[in-house]
2 protein chains.
Amino acid sequence: MLSRERIVDAAFSVLRDYGLADLSMRRLAKELGVQAGALYWHVPSKQDLLYGLAEVLLADLPIAEQVPPADAARQLALDLRHRLLGVQDSAEVVSLAQALAPYRLAPFAELRRILDQDAVEGRGSRVLIHFMLGALAEEQTRSSLISSGAVPAADSPTAVAEHAAEDFAFGVDAILSGLAAIPAPRA
Amino acid sequence: MLSRERIVDAAFSVLRDYGLADLSMRRLAKELGVQAGALYWHVPSKQDLLYGLAEVLLADLPIAEQVPPADAARQLALDLRHRLLGVQDSAEVVSLAQALAPYRLAPFAELRRILDQDAVEGRGSRVLIHFMLGALAEEQTRSSLISSGAVPAADSPTAVAEHAAEDFAFGVDAILSGLAAIPAPRA
DNA sequence: ACCTGAACACCGTTCAAGT
DNA sequence: ACCTGAACACCGTTCAAGT
């Protein structure tokens, strides 16, 4: 029997093993041994399916409590990077979900809570979120361009990964430092 | 006679008037009164065409010189926002181009030059670029979701636009302030 | 209730053949 | 040199009909 959960799981596998370009409803149906139309009994649209996939990608990301907000945010950023780098094009999928329904994804709702104290509507956390997703999407795109041979690697794979990790941490720190310097206005 | 320029111009019009979802090679061909295959004599791929479209979208963005780097960056950010908001989904198109060939688009190359003094490889400017493109893509996505009625508007259109402008400037200022606080490491 | 079969209205890209 | 015609290998989504 088909179910939303089985469909989302199949989507996760195809994304991990083949990337977003290969993640079609028809491909998913083939993987599950059904006709393409059958998916629409369990899932309203591909967009909704991708949102569910983003939820799975971000499931159980731990949030540190009882620490300075900036430290918790920094840790979440590093955890997010670590999680997403394991699955091809995952930053793109999370970006789509966040664009569709801002702050509905749990880790981003948490980030808003700790960084913006429920003020205004997440001005500070949005800066960090856009940087994180943009940087990770670029990193994933470049690494698949390199491994497909479409573009030459400047350094060894490990050197590239280390460099990306440093750049990511640098950006996160710069943003958290800037947010501390320019406090959020009164709600 | 067809030409790369005429094709890119047609792409610009379709993007402005109908959005990225309607921007297909077949649609472009219809608009130009030719068969779809004819486009491939003048343009190697859709990806390359979108890159050309991004160049047109960013053409002649003025760069302020002879001022503090942060002021020049801030002005460029506001100019970029103003330019992109005039064309549906343009931030998405520019993002694709920047992912494909980082810093090949003139305004981003300039931004790197003034913010990172040609050090390392644009750590600081990347933070700003990812924020700008992410924030603008979200703003454009939300405004088309609202105008298509898929999602209800929280405020009046002008209030939404003003709010978005303030949030954008806030993010730019926070980032520039953070970059000043955490100077780029030695190259 | 759940799925098949088949259709509708599309895609990007290639390439022999025409002019 | 430049374009047509036609194909190849796909898309997301809908829906009558079957079980």
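In what follows, every heavy atom counts, from backbone to side chain, and hydrogens, waters and symmetry copies are set aside. Proteins get letters first, then strands, A, B, ... in listed order; numbering begins at 1 in each.
- Here the side chain of A:Gln140 pairs a donor or acceptor atom with the backbone of A:Val87 at under 3.5 angstrom.
- Position along DNA chain C of the nearest nucleotide to A:Arg26 versus A:Val34 favours A:Val34 as the more 5'-ward residue.
- Distances from the side chain of B:Ala38 to the nucleotides D:dT13, D:dC11, D:dT4 place D:dT4 closest.
- Look at CD on B:Gln35: it is 15 Å from C1' on C:dC11, rounded to the nearest Å.
- One atom, CG of B:Leu96, and another, P of C:dG12, lie 14 Å apart when rounded to the nearest Å.
- Distance noted for atom P between C:dC8 and D:dA9: 22 Å (whole Å).
- Between B:Leu32 atom CG and D:dC2 atom P there is a gap of 16 Å when expressed in whole angstrom units.
- In this structure, A:Trp41 does not reach the C:dC3 phosphate: none of its side-chain N or O atoms is under 4.0 Å from OP1 or OP2.
- Rounded to a whole Å, the NZ atom of A:Lys46 is 14 Å from the C1' atom of C:dC10.
- Side-chain contact, B:Ser125 with B:Tyr103: a donor N or O sits under 3.5 Å from an acceptor N or O.
- Formation of a donor-acceptor pair under 3.5 Å by the A:Arg83 side chain with backbone atoms of A:Ala59 is found in this model.
- Side-chain contact check for B:Asp79 and B:Gln75: at least one donor-acceptor pair (N or O, by modelled atom type) lies under 3.5 Å.
- Counting to the nearest Å, the P atom of D:dC3 and the CG atom of B:Leu2 are 5 Å from each other.
- Residue A:Asp22 is the one, among A:Asp22 and A:Pro44, whose nearest nucleotide of DNA chain D lies closer to the 5' end (criterion: closest heavy atom).
- The backbone N or O of B:Gly134 sits nowhere less than 3.5 Å from a side-chain atom of B:Glu139 that would complete a donor-acceptor pair.
- For DNA chain D, each stem of at least three Watson-Crick or G-U pairs (distances under 3.5 Å) is given as range with range: C:4-8 with D:12-16, C:12-16 with D:4-8.
- No side-chain donor from either of B:Ser144 and B:Gln88 sits under 3.5 Å from a side-chain acceptor of the other.
- Counting to the nearest Å, the C1' atom of D:dT13 and the CD1 atom of A:Ile7 are 14 Å from each other.
- Taking side-chain N and O atoms only, A:Tyr40 has no distance below 4.0 Å to OP1 or OP2 of D:dT14.
- No donor-acceptor pair under 3.5 Å is formed between the side chain of B:Asp155 and the backbone N or O of B:Val160.
- Taking atom CZ of residue A:Arg27 and atom P of nucleotide D:dA9, one finds them 16 Å apart after rounding to whole Å.
- In this structure, the CG atom of B:Leu39 is 13 Å from the P atom of C:dT14, given to the nearest Å.
- Phosphate contact (OP1/OP2 of D:dA1, side-chain N/O of B:His42, threshold under 4.0 Å): absent.
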